[in-house]
Amino acid sequence: MKHIYKEGKEPHLPTLLLLHGTGGDERDLLALADMIQPHASVLSVKGNVNEKGMARFFARLREGVFDEEDLVFRTGELNSFIDESAVKYGFDRKNVVALGYSNGANIAASLMYHHESALRGGILFHAMVPRRGVEIPDLSGVPVFIGAGKRDPLIPLPETEELVRNLQEANSPVTDFWTDGGHELRKEEVDAAKEWFEKNFN
Ligand code: MLT
């Protein structure tokens with residue numbers, strides 16, 4: 001997969017797995033990662049799916065309706081890519097924390113729903129429920145930060161609540177943070193995520 005790897009100054013910190021939103025690329029979230037923890041290593045990936053010239057991490061049938069078969073396939077592909085990258089770049093595969101926005105947050109959630117121990121934690125900005133009716137692996141010790149907008153036109157508030165519940169039922173210590181905004185990423189949720197990261201991983 002197309003990507004950027006940047007080794008951080010502090011090897012004990014988790015490697016941040018950066019996953020952009022629809023139409024983004026592997027450069028999009030570098031500045032955001034810097035705001036969360038500038039000394040962490042970064043593996044920033046570009047989605048392999050091309051939707052009318054826009055990069056995504058998995059196909060969708062229409063806005064908000066996922067192609068489940070592709071989602072499952074692409075989630076496995078991303079998980080294997082992280083495995084290979086850990087060997088290639090020498091970072092600890094067991095210490096990877098996702099930082100995703102929108103479509104990227106959705107595939108980060110999908111990694112947690114489908115692959116045990118894929119992630120040590122995650123910051124999910126404006127994520128949806130990636131899949132329903134599956135048993136989520138145990139997420140004890142896998143903290144998740146969810147940033148959401150109360151007026152997000154793409155993600156109804158009860159869907160975010162369902163995601164929080166799903167993760168909690170799998171034993172993840174979830175922190176949900178709500179803004180009065182929509183689908184856009186707001187400074188206040190980035191600040192809250194930074195504080196959450198410091199508390200959990202620094
Ligand atoms: C998705 O398809 O993953 C969500 O609708 C968010 C997005 O538009 O990327």
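Counting starts at 1 for both ligands and their atoms, following the listed order.
Within ligand 1, the atoms closer than 4.0 Å to a non-hydrogen atom of Gly64 are 5 (O), numbered from 1 in the order shown. Heavy-atom proximity to Met128, at under 4.0 Å, picks out these atoms of ligand 1: 4 (C), 5 (O).
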Less than 3.5 Å apart, which donor and acceptor atoms pair up between the side chains of residues 105-114 and the rest of the protein, not counting sequence neighbours?
| residue | atom | partner | partner atom | Å |
| --- | --- | --- | --- | --- |
| Asn106 | OD1 | Met128 | N | 2.6 |
| Ser110 | OG | Thr75 | OG1 | 2.8 |
| Ser110 | OG | His114 | ND1 | 3.0 |
| Tyr113 | OH | Asn166 | OD1 | 2.7 |
| His114 | ND1 | Ser110 | O | 3.0 |
| His114 | NE2 | Arg131 | NH1 | 3.1 |

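Residues Val96 and Arg120 have side chains not in contact (no heavy-atom distance under 4.5 Å, counting atoms from C-beta outward). Between Met54 and Thr22 there is a side-chain heavy-atom pair separated by less than 4.5 Å.
From the protein, the heavy atom lying nearest to atom 8 (O) of ligand 1 is Arg60 NH1, 3.1 Å.
Phe197 and Phe201 have tilted rings, their planes meeting at an angle from 30° to 60° on a 0 to 90° scale. Relative orientation of the Phe145 and Trp196 rings is tilted, given thresholds of 30° and 60° on the angle between their planes.
His126 does not count as a contact of ligand 1, since none of its heavy atoms falls under 4.0 Å from the ligand. Not a single heavy atom of Phe57 sits under 4.0 Å from any atom of ligand 1.
For atom 9 (O) of ligand 1, the choice among Thr22, Asp67, Asn106 with the nearest heavy atom turns out to be Thr22. Proximity annotation for atom 7 (C) of ligand 1: of Ser102, Gly104, Ala109, Ser102 comes nearest, heavy atoms only.
Side-chain atoms of Glu184 and His126 include no donor-acceptor pair closer than 3.5 Å.
At a 4.0 Å heavy-atom cut-off, ligand 1 touches Asn103 through backbone and side chain alike.
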